[in-house]
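Not measured: the values here are computed from a predicted model. Scope of the values below: all heavy atoms of this structure, side chains included, with no hydrogens, waters or symmetry mates.
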Amino acid sequence: MTHDILGKVEQSDGKPFDAVATIRYASRDISVGISCDDQTLETAINLAADVVSRLKDLDRLAKQIAVRDLRETYNDGWNEYDEAQEDGSFKTIVNPTLSETEFEAKLSLRDVNVAGDQMIEFFYDDERMFWGHSVVVCSLRGTEFTDAQAELFG
């Protein structure tokens, strides 16, 4: 089906999503996964369309939440690691701590998932700050983001 805001929406067998749309945002393609979650597909698509129509503002808000919830985690240890050397020894690497602005600048929206009429997840690339884990910001109250939290996934 074709949607005015989401463009082409491809329905699937529900694994992992009931439908998927691909949108263009900030010079990259973003996958929008849509799950019914005990709601109608139309309800979930409406949430996805609401998110996409407000994506610039919601992305900015989600990044602020990621900074709030994860910057100190990065600065308190994830910025340090041991790198294996050719001789089998290890060299400790200590990257500088990041300001709020520097941390936020490393986040690039990669995927958006919605479920039902309330749940939204934003997945971010983070320039490997967290060694390959994904930064995820989740709201269980739709686009209000009043209870949103950021966490590491993977």
Side-chain angles (χ1 to χ4, degrees), residues 1-81 95 97-154:
M1 74 181 270
T2 301
H3 188 275
D4 290 343
I5 295 171
L6 300 172
K8 185 177 180 183
V9 178
E10 296 182 30
Q11 290 183 259
S12 64
D13 60 2
K15 297 176 185 170
F17 303 106
D18 295 300
V20 176
T22 302
I23 62 160
R24 192 80 176 153
Y25 177 71
S27 74
R28 60 192 316 189
D29 289 334
I30 304 293
S31 174
V32 181
I34 303 166
S35 299
C36 294
D37 194 35
D38 296 331
Q39 300 288 322
T40 66
L41 181 58
E42 180 181 3
T43 297
I45 287 175
N46 287 341
L47 176 60
D50 187 25
V51 169
V52 168
S53 69
R54 300 171 50 197
L55 193 54
K56 184 176 180 180
D57 292 332
L58 293 175
D59 179 32
R60 188 182 75 250
L61 179 57
K63 285 179 180 177
Q64 291 170 352
I65 291 164
V67 168
R68 177 196 74 198
D69 292 353
L70 296 174
R71 184 177 71 93
E72 285 306 314
T73 300
Y74 172 79
N75 286 339
D76 288 340
W78 283 90
N79 63 323
E80 301 177 15
Y81 59 93
N95 291 318
T97 58
L98 299 175
S99 69
E100 291 180 2
T101 302
E102 292 167 329
F103 185 94
E104 184 176 323
K106 291 184 174 287
L107 300 175
S108 300
L109 187 61
R110 185 185 71 221
D111 296 302
V112 175
N113 296 340
V114 301
D117 62 350
Q118 294 290 309
M119 191 180 110
I120 303 167
E121 294 175 315
F122 283 12
F123 286 78
Y124 288 93
D125 286 332
D126 65 1
E127 296 184 11
R128 300 200 48 80
M129 283 190 295
F130 294 104
W131 311 342
H133 294 73
S134 294
V135 171
V136 181
V137 176
C138 180
S139 171
L140 298 177
R141 296 194 191 274
T143 57
E144 293 177 18
F145 276 69
T146 54
D147 71 336
Q149 297 179 4
E151 58 189 11
L152 300 177
F153 179 77

- Message: Could you work out, with side chain to side chain donor-acceptor pair (under 3.5 Å) as the rule, every residue matching Thr143, not counting sequence neighbours?
- Response: Arg54
- Message: Once rounded to the nearest 0.5 Å, what's the spacing between atom CG of Leu152 and atom OH of Tyr74?
- Response: 12.5 Å
- Here the gap from Ile45 atom CD1 to Met1 atom CE, rounded to the nearest 0.5 Å, amounts to 4.5 Å
- Note on the structure: Interatomic distance, CD@Glu104 vs CG@Leu70, rounded to 0.5 Å, equals 12.5 Å
- Item | Sequence-distant partners of Glu151, side-chain contact (heavy atoms from CB on, under 4.5 Å), two or more places apart | none
- Atom CG of Asp4 with >12 non-hydrogen neighbours under 6.0 angstrom: no
- Task: Applying side chain to side chain donor-acceptor pair (under 3.5 Å), name anything that partners Asn113, two or more places apart in sequence or on another chain.
- Result: Glu121
- Distance from Asp126 atom CG to His133 atom NE2, nearest 0.5 Å? 10.0 Å
- Query: Where the side chain of Trp78 meets the backbone of Met129, is there a donor-acceptor pair that is under 3.5 Å apart?
  - Reply: no
- Test salt bridge (Lys or Arg N to Asp or Glu O under 4.0 Å) applied to Glu42 - qualifying residues, sequence neighbours left out: none
- Message: If you count every heavy atom of other residues, nucleotides or ligands that lies below 6.0 Å from Gln149 atom CD, does the total exceed 12?
- Response: no
- Query: Would you say Asp69's side chain and Ala150's backbone share a donor-acceptor pair under 3.5 angstrom?
  - Reply: yes
- Item | side-chain contact (heavy atoms from CB on, under 4.5 Å) partner of Ile34, the single match among Leu41, Asn46, Val20 | Leu41
- Message: Under the rule for ring pair (Phe, Tyr, Trp, His ring centres under 6.0 Å), what residues qualify as partners of Phe145, not counting sequence neighbours?
- Response: Phe122
- Query: Shortest non-hydrogen contact from Val137 to Ala62?
  - Reply: CG2-O, 3.4 Å
- Phe17 vs Val114 side-chain heavy atoms within contact, under 4.5 Å: no
- Message: The criterion is salt bridge (Lys or Arg N to Asp or Glu O under 4.0 Å); which residues satisfy it with Arg28, sequence neighbours excluded?
- Response: Asp125
